[in-house]
2 protein chains.
Amino acid sequence: MSSKLRHVVEPSPGELLSFLKDALAHRAFILLIAKCSVSYYGRSRTELGSGDRLIVIKEDGSFLVHSKTGYAPVNWQPSGARVTAYLSADGRVIVEATRAQPYERVRVFIEHAYLAAAGTLKEPPAPLVSLTEEDLRTAILIDPDMVEPGIHFGTIEWPVGVGRADIVGRDRSGTVVVVEVKRECDRSGAEQLWRYLTKLHEYGVSARGILVAFSFTHEARRFARARRIKCVAVSPKRVMTILERWRRSPGRRTFSSGLT
Amino acid sequence: MSSKLRHVVEPSPGELLSFLKDALAHRAFILLIAKCSVSYYGRSRTELGSGDRLIVIKEDGSFLVHSKTGYAPVNWQPSGARVTAYLSADGRVIVEATRAQPYERVRVFIEHAYLAAAGTLKEPPAPLVSLTEEDLRTAILIDPDMVEPGIHFGTIEWPVGVGRADIVGRDRSGTVVVVEVKRECDRSGAEQLWRYLTKLHEYGVSARGILVAFSFTHEARRFARARRIKCVAVSPKRVMTILERWRRSPGRRTFSSGLT
DNA sequence: CTTTGAATCTCGTAT
DNA sequence: ATACGAGGTTCAAAG
């Protein structure tokens, strides 16, 4: 439980520093609202002038500096960073997050701290359910007819030497079929499938391509049409229905006759 | 200034609700650390079980639910969402962020609030300096010789019917050159240039391709080599130097003899 | 270790 | 509105 959540209001540099050092030592979840400037050195370089921001330090080393607007942090460090706090020569608190590979460094120069809080967040392993590309692929394997009547799947995640094809099988007439699954298929998705087909052709395999997605861009459809690639649009609702029915009474998925 | 930062510790549902409603009405920057469960419906669907999390609500409608680990929020809404707070039938606070296009909804069911804070973050327009693809492109236009001696640029951001070529010009021998600029060039970057070249070829223009980047993947180099595309690696330091010298004494960039 | 592809990617910009 | 490309993308999986 986070009942041990502690906080300090308008701390002096000394108070803030000891608060942060203690929280960092306990690998706590730390919040800090402060007027600060920020400097980043690494894959790029940025210098951010003075302003009010939210700093979040997580136990896994994730480090976020959030500005007053926008989804993305204005500066950050991904998980795994080493976070330290110390005093500068002129008595200001500096919070620093560094990463070794690649070398990156974010430094926050605190000018005035409004509020700092720290505590341990308790979170049980969370069953997070979602409707992803993976779900769509699963639904296709459960009910291949949604792609094309009589189609028959074999290999999934088949390495083609240039990425991997999502699903490979044969259609009713026995022709090899490569299925590429996307949530939203744009041209790059269609190009991906085309790369697989081209590669297979190099191997001497003549194969059809089918794109399955919740939606397609015009570019994707045009690209596909020009290369005789079929586009199958599926509604999320249908996928949900298939997955839910499957969960209630899981039949057997039969994988056979794939490429060998 | 954020001196008007207010906060409440362990508020009751009623206290929390009025705190949030007031803060939302003032379009304040809002923080909330609470035990909660989260539900998302929209482009995907997720259900997140009960746990301690940080909720951030920004004045532009950005909405973030952060878990105890990781760079990315576990649930969110990008800027532009409409955020409301209300009581459920059983007296719990629900915070909801909705977006119209595409329709998306995040609902946070508060079970216990540890700390809530709200205030106005003041941030002057920030001079954020960085070394981007744009910087690299600028450096190339300032000093074309870094790409190839005697090269001569004309059009920039030239529409080719399938995206746009970064820079188009002619080399010393008068051959049309298409330059694609990337920070880190992977295969997809090389493919992009190849699309332009292919398109130009369809138009009857025979052109060379040059990739300029801070670094290349092996795949990109292989792809390029197979198609006689030249790869030019540039050091960030050199770009920084060119840009800094330019800022000190800006000469004239001469654009001439592009394609017409 | 690097490479590849997904993501509720977000965000800007041009059409 | 839609589409395309950039991003310090991050992240996980696979070779």
Side-chain angles (χ1 to χ4, degrees), chain A residues 40-46 62-65 69-81 99 101-106 128 130-137 157 159-166 180-184 186-189 192 195 214-220 222 236, chain B residues 38-46 60 62-65 69-81 97 99-106 128 130-137 157 159-166 180-184 186-189 192 195 214 217-220 236:
Chain A
Y40 164 76
Y41 173 90
R43 284 171 287 176
S44 180
R45 275 164 241 216
T46 66
S62 304
F63 187 87
L64 312 170
V65 181
T69 57
Y71 160 87
V74 65
N75 273 118
W76 72 93
Q77 203 67 272
S79 64
R99 198 157 69 125
Q101 197 75 15
Y103 180 75
E104 291 185 300
R105 183 187 64 204
V106 174
L128 197 147
S130 89
L131 195 63
T132 63
E133 179 179 324
E134 171 69 32
D135 293 326
L136 177 50
R137 197 159 53 220
E157 298 276 340
V160 192
V162 52
R164 67 202 56 219
D166 281 330
E180 179 63 29
V181 180
K182 283 272 174 288
R183 283 180 29 77
E184 319 248 329
D186 58 9
R187 192 183 50 213
S188 78
Q192 195 177 330
R195 280 204 300 275
F214 292 127
S215 69
F216 292 86
T217 65
H218 294 301
E219 276 292 326
R222 196 182 319 154
Chain B
V38 188
S39 145
Y40 164 76
Y41 174 90
R43 285 170 287 176
S44 180
R45 274 163 241 215
T46 66
D60 64 346
S62 303
F63 187 87
L64 312 169
V65 181
T69 57
Y71 159 86
V74 65
N75 274 117
W76 72 92
Q77 202 71 271
S79 65
R99 199 157 70 122
Q101 197 71 18
Y103 179 76
E104 290 185 301
R105 185 188 62 206
V106 174
L128 195 148
S130 90
L131 197 62
T132 62
E133 179 179 326
E134 171 69 32
D135 293 326
L136 177 51
R137 198 161 50 220
E157 297 276 343
V160 191
V162 53
R164 67 203 55 220
D166 281 329
E180 179 63 27
V181 180
K182 284 272 173 290
R183 282 181 27 78
E184 319 245 331
D186 57 10
R187 189 183 55 214
S188 78
Q192 194 177 329
R195 279 205 301 276
F214 292 126
T217 65
H218 296 301
E219 275 293 325

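A note on names: the letters A, B, ... follow the listed sequences, proteins ahead of strands, and every chain is numbered from 1.
- Residues passing the salt bridge (charged side-chain N to carboxylate O under 4.0 Å, His left out) test with B:Arg99, sequence neighbours excluded: B:Glu104.
- Side-chain proximity of B:His218 to the nucleotides D:dC4, C:dG5, C:dT3 is greatest for C:dT3.
- C:dA7 and C:dC11: their C1' atoms are spaced 15 Å apart (whole Å).
- The two residues A:Ala220 and A:Arg187 have their closest heavy-atom pair at CB-N, 3.9 Å.
- As a whole-Å value, the separation of A:Gln101 CD from C:dC1 P is 6 Å.
- Comparing the C1' positions of D:dG5 and D:dT9 gives a spacing of 13 Å, expressed to the nearest Å.
- In this structure, the CD atom of A:Glu219 is 16 Å from the C1' atom of D:dA1, given to the nearest Å.
- If B:Gly70 and A:Ala220 are placed on DNA chain D by their nearest nucleotide, the residue sitting closer to the 5' end is A:Ala220.
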Are any protein N/O atoms closer than 3.5 Å to N/O atoms in nucleotides 7-9 of chain D? If there are, list each pair with its distance.
residue : atom : partner  : partner atom : Å
D:dG7   : OP1  : B:Glu133 : N            : 3.2
D:dG8   : O6   : A:Asn75  : ND2          : 2.9
D:dG8   : O6   : A:Trp76  : N            : 2.7
D:dG8   : O6   : A:Trp76  : O            : 3.0
D:dG8   : N1   : A:Trp76  : O            : 2.3
D:dG8   : N2   : A:Trp76  : O            : 3.3
D:dG8   : N2   : A:Gln77  : OE1          : 2.8
D:dG8   : N2   : A:Glu104 : OE1          : 3.0
D:dG8   : N2   : A:Glu104 : OE2          : 2.9
D:dG8   : N3   : A:Tyr40  : OH           : 3.3
D:dG8   : N3   : A:Arg43  : NH2          : 3.2
D:dG8   : N3   : A:Glu104 : OE2          : 2.9

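- In terms of phosphate contacts, B:Arg187 brings a side-chain nitrogen or oxygen within less than 4.0 Å of OP1 or OP2 of C:dG5.
- Residues A:Glu180 and B:Ser62 both approach DNA chain C. Their nearest nucleotides, taken by heavy-atom distance, put A:Glu180 toward the 5′ side.
- The two residues A:Arg137 and A:Val181 have their closest heavy-atom pair at N-CG1, 4.1 Å.
- Nucleotides of DNA chain D nearest to A:Asp186 and A:Ser79 differ in position, and the one nearer the 5' end is that of A:Asp186.
- Contact record, B:Thr217 with B:Asp186: OG1-CA, 3.4 Å, taken as the closest heavy-atom pair.
- For B:Tyr71, the ring-ring contact (aromatic ring centres under 6.0 Å, His included) partners two or more places apart in sequence, or in a different chain, are A:Trp76.
- Although no hydrogens or angles enter the test, the distance criterion places no donor-acceptor pair under 3.5 Å between the side chain of B:Asp60 and the main chain of A:Thr69.
- Side-chain N or O atoms of A:Ser215 include none that pairs as donor or acceptor with a backbone N or O of A:Glu184 at under 3.5 Å.
- In terms of position along DNA chain C, the nucleotide closest to A:Lys182 lies nearer the 5' end than the nucleotide closest to the other residue of the pair A:Lys182 and B:Asp60.
- In this structure, B:Phe214 places its CZ atom 14 Å from C1' of D:dA6, rounding to the nearest Å.
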